[in-house]
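Numbers here are sequence positions counted from 1.
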Amino acid sequence: MVASVPSWASQAVWYQVFPERFANGDPTNDPTRESLEHPARVPPTWAVTRWTSDWYAQAPWEQRGGGEFYRSVYNRRYGGDLQGVLDRLDYLAELGVNAIYFNPLFAAASLHKYDGDSFHHIDPHFGPDPAGDQAMLAGESEDPATWRWSAADKLFLDLVAECHRRRIRVVIDGVFNHTGRGCFAFRDLQKRGADSPYRDWYVVRSFDDPTTPADEFGYEGWWGTPTLPLFADNPEGKDLAAGPKAYVMNITRRWMDPDGDGDPSDGVDGWRLDVAEDVPLDFWREWNAEVRRLNPDAYTVCEHWGDAAGFVTEGGFSATMNYRGFAQPVKGFVIDGVLSASEFARLLIERANTFSDAQRHAAMNLIDSHDTERVASMVVNARLRLPYSEPERFDYEAGERCSPRSWAGYEVRKPRYHERRLQRVVAVLQATCVGAPMFYYGDEAGMWGADDPDDRKPMLWPDLDYDAEAADPLARPRPTDAVAFDRDLFRFYQKVIALRRVFPVLAGGSFAVESVDDEAAALVFRRSDAAQSVYVAINRGDGPWSAEVALPEGGRLREVFTASGQPQRVRVDAIDGGVRLTLPERDAALFVVERAE
């Protein structure tokens, strides 16, 4: 049996790219009004939004539509594309990441692409010839014999090759629970009803009766969303229906071994699986086995927000996005200051231990993503939202107070200095806890934002000049905030990421708590293996903190990194049997054990 966790997964430093908002490298392929899902809902004056504009300021076409920010913003397009990613690969290499997770790249009408029209083609507006690609899509079906390689497809394969040349792995989003209404199968079903060869692909409640003037066609959408029609399961409910299952298997082969020669080096290195719990386990077992047949070194990670250990193992996945085991406790302890240091340590250990050793070291340790507030805005709004509405999740992506869209008390301002310090502490934990760190695009550049859609602003680039943020989505008074690439924060993230290369123990070593202080909100933990030991001290509190730590006989500690960049305020004093560590407020530091000469 092929192992489900590739050896490289624990050494990955992930960077999440939301394609439409990462970089516009080719303005000639920008989306058009006609490419929107509902072009009739926007004025004829609709245009691609200027990349560097004030996020909350509305263009004239938005104002004509009524001026409600959270109605018009979803119709915005900024023109991010694959050429933009290619143009910025050196930036990612400079940052130090070695693995990219792409949000959906497949053809779809939305900005997020979770409503796929096709899983076997890259979105035409991500490539150099949208019109030609769209014409090509029109003549194809689920049969791989009808598939050709579009201009966008070829550019994506070039991008994969360029990433591999830089030793950067590529993982793409697989959305195998639903499609968009523009999918060839769903369009045929709408047109031909019960006579469609795709009648068993979707969960159809009723077909249209052509003898009546009404349209009786009804179907189920994901979580009741009509734009996301659900794939049907097989009659036993334990697998996908035969039609969509075969299609998904075929597109998996296409992207993992594009030329079909048995060598997967020209394909993607793995998959992130959207709403994985909503797809039957029998399908996942077979699909994961096929993935590993194509590439034994492939990585598959499921989106699962709860206790994922059994699901990961039974489904044959490599790992999970570590919401429950990392993001939620970190929010409770570091960001909100509600969870005690000892409870934080207990949850990290207890939840990590539900997985096998390989699975927990391969988990994606994220704090934010396209589905959450950005970490900087989590910090800004932390105390405003207490008490919790869902305390077991520390209100991580829970309740209504994640966005001004649903809560007028939400602050959209830029984080201040002391708030950035907590963001830095979070990043240190991402790099040093058990699991592989995953950073959301732009966090390292200084981006902030509430939950969707405000977490999907255009990327901040150092060579662009941005308008200040002065507008407010609810027309509230607010400070004017300068918007610019944060070079100091970028350099900090570079150093954090470099820790994973300098200290291999962080990728696979054991985890043990050495000291904990609930009153001060601080702790020290150790990562160690046969070759190396490092100690990580975290002071979440608002004042300096000291702790005594025992060391192996003949060992001494050397401080090598501080989150705040204030090493002069970090002290290591020798005491009998160990050291006394002193750390300033809202700071983190890493120390390496050296043998005394």
A.B. asks: Establish, yes or no, whether a centroid distance under 6.0 Å links the rings of Y101 and Y15.
C.D. replies: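 No.
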A.B. asks: Using modelled atom types and a 3.5 Å cut-off, is there a donor and acceptor pairing between side-chain atoms of D257 and backbone atoms of G262?
C.D. replies: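 The answer is yes, because a donor-acceptor pair under 3.5 Å joins these two groups.
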A.B. asks: Under 3.5 Å, is there a donor-acceptor pair between the side chain of S141 and the main chain of D143?
C.D. replies: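 Pair found, side chain donor or acceptor close to backbone of D143.
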A.B. asks: Using modelled atom types only, decide if a donor and an acceptor are shared between the side chain of T432 and the backbone of V428 within a distance under 3.5 Å.
C.D. replies: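 The answer is yes, because a donor-acceptor pair under 3.5 Å joins these two groups.
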A.B. asks: If you look at every heavy atom in V496 and A431, which pair is closest and at what distance?
C.D. replies: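 In this case the closest contact between V496 and A431 is CG1-CB, 3.4 Å.
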A.B. asks: So which atom in D129 and which in A151 form the shortest heavy-atom distance, rounded to 0.1 Å?
C.D. replies: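 Taking every non-hydrogen atom into account, CB-CB, 3.9 Å.
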A.B. asks: Measure the shortest side-chain to side-chain distance between R527 and Q532 over non-hydrogen atoms and say whether it is less than 4.5 angstrom.
C.D. replies: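 Answer no - side chains too far apart.
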A.B. asks: Does R456 pair with D452 as a salt bridge, N-O distance under 4.0 Å?
C.D. replies: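 Yes, charged N to carboxylate O under 4.0 Å.
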A.B. asks: Please round to the nearest 0.5 Å and tell me the distance separating atom CZ of R424 and atom NZ of K495.
C.D. replies: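 Rounded to the nearest 0.5 Å, the CZ-NZ separation comes to 8.5 Å.
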A.B. asks: Enter the distance from K331:NZ to I367:CD1 here, rounded to the nearest 0.5 Å.
C.D. replies: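 Here the rounded value is 8.5 Å.
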A.B. asks: Are the side chains of V291 and M256 in touch, meaning some heavy atoms are under 4.5 Å apart?
C.D. replies: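 Yes; the side chains approach each other to less than 4.5 Å.
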A.B. asks: In terms of the angle between their ring planes, are W284 and W287 parallel, tilted or perpendicular, with boundaries placed at 30° and 60°?
C.D. replies: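 Geometry flag for W287 against W284: perpendicular rings.
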A.B. asks: Can you say whether the rings of W8 and W14 are parallel (under 30°), tilted (30 to 60°) or perpendicular (over 60°)?
C.D. replies: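 Tilted.
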A.B. asks: Between the main-chain N or O of E397 and the side-chain N or O of D451, is there a donor-acceptor pair closer than 3.5 Å?
C.D. replies: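 Not at all, since once roles are kept as given, no pair shorter than 3.5 Å links the two residues.
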A.B. asks: Using only heavy-atom distances, determine whether the side chains of E140 and H120 contain a donor-acceptor pair under 3.5 Å.
C.D. replies: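 On atom types as modelled, these side chains qualify, holding a pair under 3.5 Å.
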A.B. asks: Quick one about Y78 and R21 (side-chain donor to acceptor, distance below 3.5 Å, no hydrogens or angles considered), yes or no?
C.D. replies: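 Looking only at side-chain atoms, Y78 and R21 do not form any donor-acceptor pair under 3.5 Å.
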A.B. asks: Within a strict 4.5 Å, meaning less than it, do heavy atoms of the W448 and R420 side chains meet?
C.D. replies: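 Sidechains of R420 and W448: in contact.
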A.B. asks: Hey, can you tell me if W147 and Y247 have their rings parallel, tilted or perpendicular (30° and 60° cut-offs)?
C.D. replies: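 Rings of W147 and Y247: perpendicular, over 60°.
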A.B. asks: Please check this pair: side chain of W51 against backbone of M459, looking for a donor-acceptor N/O pair closer than 3.5 Å.
C.D. replies: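 It does hold such a pair.
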A.B. asks: Could you walk me through whether D153 and R254 satisfy the salt bridge (Lys or Arg N to Asp or Glu O under 4.0 Å) test, starting with their C-alpha distance in whole Å, then the side-chain angles of each, then the deciding distance to 0.1 Å, before giving a yes or no?
C.D. replies: CA-CA 11 Å; D153 298 341; R254 177 177 174 86; 3.1 Å; yes
A.B. asks: Can I get a per-line list of side-chain donor-acceptor pairs under 3.5 Å for residues 104-112, giving both atom names and the distance, sequence neighbours left out?
C.D. replies:
from	atom 1	to	atom 2	distance (Å)
S110	OG	H112	N	3.3
S110	OG	H112	ND1	3.2
S110	OG	K113	N	2.8
S110	OG	D115	OD1	2.6
H112	ND1	Y114	N	2.9

A.B. asks: Less than 4.0 Å between a side-chain N and a carboxylate O, is that true for D455 and R374?
C.D. replies: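 Salt bridge absent between R374 and D455.
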A.B. asks: Out of curiosity, L348 CG to R360 CZ, how far, rounded to the nearest 0.5 Å?
C.D. replies: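 Output value for this atom pair is 12.5 Å.
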A.B. asks: Determine whether the side chains of S369 and D371 contain a donor N or O and an acceptor N or O closer than 3.5 Å.
C.D. replies: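 There is no such pair between these side chains.
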A.B. asks: For side-chain hydrogen bond (donor to acceptor under 3.5 Å, both in side chains), just list the numbers for H125 and E20, CA-CA rounded to whole Å, side-chain angles, deciding distance to a tenth of an Å, and then say yes or no.
C.D. replies: CA-CA 9 Å; H125 287 281; E20 216 279 322; over 6 Å; no
A.B. asks: Between F503 and V560, is any pair of side-chain heavy atoms under 4.5 Å apart?
C.D. replies: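 Answer yes - side chains close enough.
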A.B. asks: Does the ring centre of F317 sit less than 6.0 Å away from the ring centre of F311?
C.D. replies: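 Ring-ring flag for F311/F317: true, centres closer than 6.0 Å.
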A.B. asks: Assess whether ring pair (Phe, Tyr, Trp, His ring centres under 6.0 Å) is satisfied between F439 and Y493, documenting all intermediate values.
C.D. replies: CA-CA 9 Å; F439 302 107; Y493 273 88; 5.5 Å; yes
A.B. asks: Using distance alone, with no hydrogens and no angle criterion, decide if T313 and Q359 have a side-chain donor and acceptor under 3.5 Å apart.
C.D. replies: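 There is such a pair (donor and acceptor under 3.5 Å, judged by atom type) between the side chains of T313 and Q359.
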A.B. asks: Give the minimum heavy-atom separation between G435 and N365, together with the two atoms involved.
C.D. replies: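 What the structure gives for the nearest pair is CA-ND2, 3.5 Å.
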A.B. asks: Rounded at 0.5 Å granularity, tell me how far CG in D123 sits from CG in D133.
C.D. replies: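 It comes to 9.0 Å.
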A.B. asks: Can you name the closest pair of heavy atoms from S4 and G316 and give their distance?
C.D. replies: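 Closest pair (atom of S4, atom of G316, distance): CB-O, 3.6 Å.
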A.B. asks: Are a donor atom and an acceptor atom from the side chains of D26 and T28 found within less than 3.5 Å of each other?
C.D. replies: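 Indeed, the side chains of D26 and T28 share at least one donor-acceptor pair under 3.5 Å.
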A.B. asks: OG1/T179 to CZ/F119 distance, rounded to the nearest 0.5 angstrom?
C.D. replies: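 Going from the OG1 atom of T179 to the CZ atom of F119 covers 6.0 Å.
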A.B. asks: Okay, side chain of Y441, backbone of P19: is any donor-acceptor separation there less than 3.5 Å?
C.D. replies: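 Not confirmed, Y441 side chain does not pair with P19 backbone.
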A.B. asks: Does any part of the side chain of Y440, heavy atoms only, come nearer than 4.5 Å to the side chain of T372, both counted from C-beta?
C.D. replies: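 No, too far: nothing below the 4.5 Å cut-off.
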A.B. asks: Does the cation-pi check pass for K245 over W201, that is, NZ or CZ under 6.0 Å from the six-membered ring centre and within 45° of its axis?
C.D. replies: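 Checked: cation-pi criterion not met.
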A.B. asks: Do D278 and N177 have side-chain atoms, one donor and one acceptor, less than 3.5 Å apart?
C.D. replies: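 Per modelled atom types, D278 and N177 side chains form no pair under 3.5 Å.
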A.B. asks: Taking atom CG as the centre, does D261 end up with more than 12 heavy-atom neighbours from other residues, nucleotides or ligands that are less than 6.0 angstrom away?
C.D. replies: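 Yes, the 6.0 Å shell around CG holds more than 12 heavy atoms from other groups.
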A.B. asks: Answer yes or no: is there a side-chain heavy-atom contact under 4.5 Å between R88 and E94?
C.D. replies: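 The answer is no, as the side chains (C-beta and beyond) never meet within the 4.5 Å cut-off.
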A.B. asks: Is R187 reaching over with its side chain to a backbone N or O of G182, donor-acceptor style, under 3.5 angstrom?
C.D. replies: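 A pair under 3.5 Å: yes.
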A.B. asks: Going by atom types alone, do H164 and D266 pair a side-chain donor with an acceptor below 3.5 Å?
C.D. replies: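 Side chains of H164 and D266: no pair found under 3.5 Å.
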A.B. asks: Working to the nearest 0.5 Å, report the span between NE2 of H361 and OG of S510.
C.D. replies: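 Rounded to the nearest 0.5 Å, the NE2-OG separation comes to 8.0 Å.
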A.B. asks: Output yes when D297 and R169 qualify as a salt bridge under the 4.0 Å nitrogen-oxygen rule, no when they do not.
C.D. replies: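 Looking at D297 and R169, the cut-off is met.
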A.B. asks: Do the side-chain N and O atoms of N103 and Q16 include a donor-acceptor pair separated by under 3.5 angstrom?
C.D. replies: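 The answer is yes; a qualifying pair exists.
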A.B. asks: Is it true that D454 and K457 make a salt bridge, defined as a side-chain N closer than 4.0 Å to a carboxylate O?
C.D. replies: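 Looking at D454 and K457, the cut-off is not met.
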A.B. asks: Could you check whether any side-chain N or O of D173 sits under 3.5 Å from a backbone N or O of W271, counting only pairs where one atom can act as donor and the other as acceptor?
C.D. replies: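 Such a contact is absent between D173 side chain and W271 backbone.
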A.B. asks: For the residue pair Y91 and F485, does the interplanar ring angle fall in the parallel (under 30°), tilted (30 to 60°) or perpendicular (over 60°) class?
C.D. replies: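 Answer is perpendicular, since the angle exceeds 60°.
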A.B. asks: Heavy atoms, side chains only, cut-off 4.5 Å: are D368 and M378 in contact?
C.D. replies: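 Yes, side chains in contact.
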A.B. asks: Could you tell me if Y74 and E37 have a donor-acceptor pair between their side chains, going purely by distance under 3.5 Å?
C.D. replies: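 On atom types as modelled, these side chains do not qualify, holding no pair under 3.5 Å.
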A.B. asks: So, for A319 and A362, which heavy atoms are closest and what is the spacing to 0.1 Å?
C.D. replies: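 In terms of heavy atoms, the two residues are closest at CB-O, 3.5 Å.
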A.B. asks: Do we see a donor-acceptor contact under 3.5 Å between the side chains of R292 and S318?
C.D. replies: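 Distance-only check passes for R292 and S318.
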A.B. asks: Determine the interplanar angle of the W461 and F22 rings, folded into 0 to 90°, and report it as parallel if under 30°, tilted if 30 to 60°, perpendicular if over 60°.
C.D. replies: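 Ring orientation, 0 to 90° scale: perpendicular.
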A.B. asks: Taking all non-hydrogen atoms of both residues into account, name the closest pair between P329 and R324 and its distance.
C.D. replies: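 Nearest heavy atoms, P329 then R324: CD-O, 3.3 Å.
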A.B. asks: Under a 3.5 Å distance rule, please check whether Q423 uses its side chain to pair with a backbone N or O of D443 as donor and acceptor.
C.D. replies: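 Here the side-chain-to-backbone pair exists.
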A.B. asks: Quick check against the 3.5 Å criterion: does S35 have a side-chain atom that pairs as donor or acceptor with the backbone of P31?
C.D. replies: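 Absent.
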A.B. asks: Are any non-hydrogen side-chain atoms of I349 and F511 less than 4.5 angstrom apart?
C.D. replies: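 In short, these two side chains touch, coming nearer than 4.5 Å.
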A.B. asks: Using only heavy-atom distances, determine whether the side chains of T300 and R272 contain a donor-acceptor pair under 3.5 Å.
C.D. replies: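 Per modelled atom types, T300 and R272 side chains form no pair under 3.5 Å.
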